[in-house]
Participant: 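Can you keep this structure in mind? I'll have questions shortly.
We name chains A, B, ... by the order of the sequence lines, and we start the count at 1 in each one.
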There are 2 protein chains.
Amino acid sequence: MPSGYDKYAYEPFAVTVDLAVLTLRAGALHVLLVERGQEPYAGRWALPGGFVAPDESAETAARRELAEETGLVDVSGLHLEQLRTYSEPGRDPRMRVVSVAFAALLPHAPEAHAGSDAAQARWVPYHSAKPLAFDHDRILADAHDRVGAKLEYTCLATAFCPPEFTLGELRQVYEAVWDTALDRPNFRRKVLATPGFVEPVPGAARLTGGRGKPAALYRAGTATALHPPLLRPSREGRPA
Amino acid sequence: MPSGYDKYAYEPFAVTVDLAVLTLRAGALHVLLVERGQEPYAGRWALPGGFVAPDESAETAARRELAEETGLVDVSGLHLEQLRTYSEPGRDPRMRVVSVAFAALLPHAPEAHAGSDAAQARWVPYHSAKPLAFDHDRILADAHDRVGAKLEYTCLATAFCPPEFTLGELRQVYEAVWDTALDRPNFRRKVLATPGFVEPVPGAARLTGGRGKPAALYRAGTATALHPPLLRPSREGRPA
DNA sequence: GCGACTAATAGTCACTATGACAATAAAGGG
DNA sequence: CCCTTTATTGTCATAGTGACTATTAGTCGC
């Protein structure tokens, strides 16, 4: 708590949350965007978000906004991760706004629908998302960085998957976020060798989605960290 | 930016920064604390911090507070890292305060002195720091977790070291933060094998501080990330 | 000045984890 | 029925690591 707390004057700020809602659609990373109807940045796309209410924490506000924007009834199980807080003066031309940014990970994408404020909402491929309003390009890039990094040393990837999934789906999460191809056998070996990352579904059910040999189904395990980590291939010498 | 931005009412918040200022003293991790003079938590120790001014970002405010609390004239080179934002309603019994927490890493500890608000300030060993006022125990623990994790996959450890340092000093950073003993030869091999982590001081000067063979001096290199990471020993089966 | 002690540095060895593959199995599409 | 696609099982060479031993170069107590 501030040492000068009881002594200095202070100014009030508006506090908002901004959400980078990420999911996989057709094997590609997508982000949920809303179209702004008013100035500034009218007609530009932006990350969904909203004000923090007086009796809410930023996390609570973020989860409420997530439910509103996605139209999902139950968002309690979704992974929500605080990224950082953006507080540059002037980041909003109208007033002094401090925004706490979150990344939300969705297993399956509900169809985008107009939010509670009737703004248009849409799933946009990550690589087509820029440019966004305000400093949202930066926030989105930070979200991507964070998620990409956490895939390396945590079991976060399962947050993108439905309750039961194949190792192919799990691998697609890594490939989409890292934008890299991974070796199938090596990925499989690594995941299965990590205790608690995934566990096979007892019924030995197998999914025969489209082409190829049917794959075994797995559930997320109880582990949260990966030791040792699953490092993304280093791109030395290759084009970034 | 909030979708309901132009539609919803919002309440103003006070925005503060809280700092976990960390350094090594005699090989042990210490944190800078200030004693509270007033209620609530009068007489309890707390993390230094203060209000964000209307024309400041949280980072700017944090650096200003860091200079004020440590008495250092130039804090521009110090590593300052935003941790996360704490926004639970009721975390301050007096008013609605949202606090952006930072970790600051100091190479050498200037003597603690009374801050600008005449509050008593002191360096306290990390393990003796609890309990603190407000939710500062949590903030401090989060700072420790973050720094410990970043030591694994970044070159952050050099932020705790003076411009020129020995590998022994660098190793002490890891040992103090992780609270583990590391094998000297293996640590040396790993650090020197990582390009850009450290580079030898050309003059081949050697430091003969106290006991033991004089050690070679190194400077921080240009690299920021460690690939592959320097993983802390896993404590499977051992007492946590 | 001597021996104990401390820390830096050099080097060894076994084992783990990983990257790069080859090969086989089981589906669907023409 | 052949081809393509994906899953799955293995193999092999090598980088990286953990556990140790040995040597070197200082300080400290006496």
Side-chain angles (χ1 to χ4, degrees), chain A residues 24 26-27 151-153 161 164-176 178 180-195 197-198 200-201 204-218 225-238, chain B residues 26-27 151-153 161 164-176 178 180-195 197-198 200-201 204-218 223 225-238:
Chain A
L24 255 64
L151 287 188
E152 291 196 328
Y153 57 95
C161 296
E164 299 189 348
F165 52 88
T166 68
L167 293 186
E169 293 174 303
L170 189 65
R171 185 173 41 78
Q172 281 192 15
V173 172
Y174 281 88
E175 293 184 331
W178 287 349
T180 326
L182 295 179
D183 181 84
R184 257 180 262 255
N186 290 343
F187 179 81
R188 175 189 186 78
R189 177 180 58 188
K190 174 68 182 174
V191 171
L192 294 182
T194 303
F197 192 175
V198 299
V201 173
R206 286 171 167 260
L207 191 69
T208 167
R211 323 172 220 313
K213 179 176 173 178
L217 286 176
Y218 294 85
L226 255 49
H227 270 297
L230 203 170
L231 297 177
R232 79 186 95 184
S234 58
R235 312 201 177 199
E236 304 161 35
R238 265 169 288 172
Chain B
L151 287 188
E152 292 197 328
Y153 57 94
C161 296
E164 299 188 348
F165 52 88
T166 67
L167 293 186
E169 293 174 303
L170 189 65
R171 186 173 40 79
Q172 281 192 15
V173 172
Y174 281 88
E175 294 183 331
W178 288 349
T180 325
L182 295 178
D183 181 83
R184 259 180 261 255
N186 289 344
F187 179 82
R188 175 190 185 79
R189 177 181 58 187
K190 173 67 182 176
V191 171
L192 294 182
T194 303
F197 192 175
V198 300
V201 173
R206 286 168 169 262
L207 190 67
T208 168
R211 315 171 224 312
K213 179 175 175 178
L217 286 175
Y218 294 86
L226 254 48
H227 271 298
L230 203 171
L231 297 177
R232 79 187 94 185
S234 58
R235 310 199 178 199
E236 305 161 35
R238 267 169 288 172

Participant: Listed by chain and number, what are the side-chain contact (heavy atoms from CB on, under 4.5 Å) partners of A/Pro228, not counting sequence neighbours?
Facilitator: A/Lys190, B/Leu231
Participant: Could you tell me whether the phosphate oxygens of C/dT18, OP1 or OP2, come under 4.0 Å of any side-chain nitrogen or oxygen in A/Lys190?
Facilitator: yes
Participant: Taking the axis from the first five pairs and the axis from the last five, what angle separates them in the helix from C/dG1-D/dC30 to C/dG30-D/dC1, rounded to 10 degrees?
Facilitator: 20°
Participant: With sequence neighbours left out, what residues match B/Arg171 under side-chain contact (heavy atoms from CB on, under 4.5 Å)?
Facilitator: B/Glu175, B/Leu182, B/Arg184, B/Phe187
Participant: Taking all non-hydrogen atoms of both residues into account, name the closest pair between A/Trp178 and A/Leu230 and its distance.
Facilitator: CH2-O, 3.2 Å
Participant: Whole angstrom is fine here: how far is it from NE2 in B/His227 over to P in D/dT17?
Facilitator: 13 Å
Participant: List in chain and number order the residues that pass salt bridge (Lys or Arg N to Asp or Glu O under 4.0 Å) with A/Arg232, two or more places apart in sequence or in another chain; answer none if no residue qualifies.
Facilitator: A/Glu152
Participant: Work out which heavy atom in A/Tyr174 is nearest to a heavy atom in A/Leu151; give both atom names and the distance.
Facilitator: OH-O, 3.1 Å
Participant: Once side-chain hydrogen bond (donor to acceptor under 3.5 Å, both in side chains) is applied, do any residues pair with A/Asn186, and if so which ones, sequence neighbours excluded?
Facilitator: A/Asp183, A/Arg189
Participant: Let me have a per-nucleotide readout for nucleotides 3-11 of chain C, 5' to 3', with B, S or -, counting only protein heavy atoms under 4.0 Å.
Facilitator: ---BBBBBB
Participant: Minimum heavy-atom separation for B/Pro229 and A/Pro229, please, with both atom names.
Facilitator: CG-CG, 4.1 Å
Participant: Distance check needed: D/dT6 P versus A/Gln172 CD, whole Å only.
Facilitator: 9 Å
Participant: Is there a side-chain contact between B/Leu170 and B/Phe197, using heavy atoms and a 4.5 Å cut-off?
Facilitator: yes
Participant: Measure CZ/B/Arg232 against C1'/D/dG16 and give the value in whole Å, please.
Facilitator: 19 Å
